[in-house]
Number of protein chains: 2
Amino acid sequence: MHDHHPFIETLRQREYRITPQREMIIEAVTTSGSEHVTAEEIFEQVHDKSSALNIATVYRTLEILVEEGLISRADLGGGQMVYATSHHGPHIHLVCRYCWQVIDADYDLIAPFGDALRAQYGFSADLQHLAVFGVCATCMAALEE
Amino acid sequence: MHDHHPFIETLRQREYRITPQREMIIEAVTTSGSEHVTAEEIFEQVHDKSSALNIATVYRTLEILVEEGLISRADLGGGQMVYATSHHGPHIHLVCRYCWQVIDADYDLIAPFGDALRAQYGFSADLQHLAVFGVCATCMAALEE
DNA sequence: TCGCTTATTGCGAGTAATTGCAAATACAAG
DNA sequence: CTTGTATTTGCAATTACTCGCAATAAGCGA
């Protein structure tokens, strides 16, 4: 019983059933070269190898992985959610709503805010993969000209 | 040529054309009793009085109002975006991803984060109507039991 | 190994929001 | 008031995602 991937082992321990679909999706999401993947990209990557997969299953599996804290999801505004494995470490995305450029910002900037929410409201905010919308320096300069 | 609503006047000054549809949508979004409205609610409210309106026009008009800074939009996670007029004042929504309860939090908590982003990255973040996802105190207690 | 139970999948329908394009119309100029 | 034209609208198609339900199959015990 050798499972090849720690995510599989974690899911098994938490009493999820290990299906070929889930194995393929986990394989795809964790071996992706880029930092962020969309559900559609995962679907295509897996579908190339095996046609036994439905897009709804991709969404449902990613949902489980997010709930179990193995991956994180962010809305970068391009009309699709993006997913990242948690071992990339917490980070913030600053998304410009004019040029759609994404700037990666230091997580430490938002950490005090998370602490304050926990202290004041008992609320544990998901800030490890936060997307913040706004206007970047370049576009701001262009607007003010 | 008396326009009744400051938003109309602002749009006219910025060289948008004033159509009956835009007037009705602005009327609906600003006279709504509740703090947040959805595009669908606005559409229904206006459609009751005049059938000359399409849902796509509602979305396009709201988009303009957001871009012009007259209203703000937030994704509270229920599958629908909610809109609020800016004069309600800045506020944060803490959305629990288990029970979907929404807690209104003090804007002052997030203000230092916005300042830091501006200082360090020249990025002007839209934080005046931010939705933050996480787990509320009640659900957290239930999970840890 | 063979069933049994229950989680999971695939499929199709449904939802909120966006977009391309032709028809309609706001508004300025004559 | 009429005309010209660029903007805006309505419509239909499309996208990203979700959901209900019947069929399938994972994992357990015998």
Side-chain angles (χ1 to χ4, degrees), chain A residues 1-3 7-26 28 36-44 46-47 50-68 71 73-83 97 100 131 133, chain B residues 1 3 7-26 28-29 36-44 46-47 50-68 71 73-83 97 100 131 133:
Chain A
M1 205 185 275
H2 44 105
D3 276 321
F7 283 14
I8 297 289
E9 209 45 58
T10 304
L11 289 189
R12 190 189 298 284
Q13 278 165 24
R14 298 184 190 173
E15 303 196 314
Y16 288 94
R17 292 187 182 174
I18 308 308
T19 65
Q21 289 88 343
R22 286 181 178 171
E23 288 185 301
M24 293 187 291
I25 291 165
I26 288 172
H36 297 113
V37 267
T38 64
E40 203 65 42
E41 285 166 355
I42 289 168
F43 175 69
E44 278 166 26
V46 174
H47 206 267
S50 159
S51 60
L53 181 63
N54 188 276
I55 188 71
T57 303
V58 176
Y59 282 107
R60 283 186 289 227
T61 301
L62 291 172
E63 176 68 24
I64 289 170
L65 296 176
V66 171
E67 269 176 24
E68 295 301 324
I71 65 175
R73 173 164 59 174
D75 179 2
L76 260 39
Q80 271 175 294
M81 291 287 179
V82 297
Y83 297 83
R97 71 181 135 83
W100 295 105
F133 295 87
Chain B
M1 206 177 273
D3 277 320
F7 284 13
I8 297 288
E9 209 45 57
T10 305
L11 290 188
R12 189 188 298 284
Q13 277 165 24
R14 297 183 191 174
E15 303 196 316
Y16 289 94
R17 293 191 179 171
I18 307 308
T19 65
Q21 289 88 343
R22 287 181 177 170
E23 289 185 301
M24 291 187 292
I25 291 164
I26 288 172
V29 80
H36 298 110
V37 266
T38 64
E40 202 64 42
E41 285 165 356
I42 289 169
F43 174 68
E44 277 166 27
V46 174
H47 206 267
S50 160
S51 60
L53 181 63
N54 188 277
I55 188 71
T57 303
V58 176
Y59 282 108
R60 283 186 288 228
T61 302
L62 291 172
E63 176 67 25
I64 289 169
L65 296 177
V66 170
E67 269 175 23
E68 295 301 324
I71 65 175
R73 172 165 59 174
D75 179 1
L76 260 38
Q80 270 177 288
M81 293 285 179
V82 297
Y83 297 82
R97 72 180 134 83
W100 295 106
F133 294 87

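Residue numbers begin at 1 in each chain, while the letters A, B, ... track the order of the sequences.
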Derivation and outcome, side chain to side chain contact (heavy atoms under 4.5 Å, CB included), residues A:Leu11 and A:Ile26: CA-CA 11 Å; A:Leu11 289 189; A:Ile26 288 172; 3.9 Å; yes
Side chain to side chain contact (heavy atoms under 4.5 Å, CB included) evaluation trace for A:Ile55 with A:Glu40: CA-CA 7 Å; A:Ile55 188 71; A:Glu40 203 65 42; 4.0 Å; yes
CA sep, side-chain torsions, deciding dist, call: B:Leu62, B:Arg73, side chain to side chain contact (heavy atoms under 4.5 Å, CB included): CA-CA 9 Å; B:Leu62 291 172; B:Arg73 172 165 59 174; over 6 Å; no
Candidate pair A:Glu41 and A:Glu44, rule side chain to side chain contact (heavy atoms under 4.5 Å, CB included), full reasoning: CA-CA 5 Å; A:Glu41 285 166 355; A:Glu44 278 166 26; 5.7 Å; no
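Considering CD1 of A:Ile42 and CE of A:Met24, their distance stands at 12.0 Å, rounded to 0.5 Å.
Put simply, A:Thr19 has a side-chain N or O that comes within less than 4.0 Å of OP1 or OP2 on C:dT9. A sub-4.0 Å separation between OP1 or OP2 of C:dA26 and a side-chain N or O of B:Arg22 is absent. Contact between the side-chain N/O atoms of A:Gln21 and the OP1/OP2 oxygens of C:dG10 is found at a separation under 4.0 Å.
Checking side-chain atoms of A:Arg22 against main-chain N and O of A:Tyr16 turns up no donor-acceptor pair under 3.5 Å. In this structure, the side chain of B:Thr57 does not engage the main chain of B:Leu53 through any donor-acceptor pair within 3.5 Å.
The two atoms that bring A:Glu68 and A:Arg14 nearest to each other are OE1-NH1, 2.6 Å, heavy atoms only. Among all heavy-atom pairs drawn from A:Ala39 and A:Tyr59, the shortest one is CB-CE2, 3.5 Å.
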Every protein N/O within reach of nucleotides 19-25 of chain C N/O, cut-off under 3.5 Å:
from, atom 1, to, atom 2, distance (Å)
C:dG20, O6, B:Arg60, NH1, 3.4

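Nucleic acid contact for A:Ile55: none, since no nucleic acid atom lies under 4.0 Å from a heavy atom of the residue.
Distance, A:Arg14 CZ to C:dA7 P: 18 Å, rounded to whole Å. Across the protein-nucleic acid pair, B:Met24 atom CE and C:dA26 atom P stand 11 Å apart, rounded to whole Å. Taking atom CD of residue A:Gln80 and atom P of nucleotide C:dA17, one finds them 17 Å apart after rounding to whole Å. Going from atom CD of B:Gln13 over to atom C1' of C:dC27 covers 17 Å, rounded to whole Å.
You can see that DNA chain D meets the heavy atoms of chain A within a 4.0 Å-exclusive cut from D:dA16 to D:dG27, reading 5' to 3'.
Between B:Gly79 and A:Leu53, it is A:Leu53 whose nearest contact on DNA chain C lies nearer the 5' terminus.
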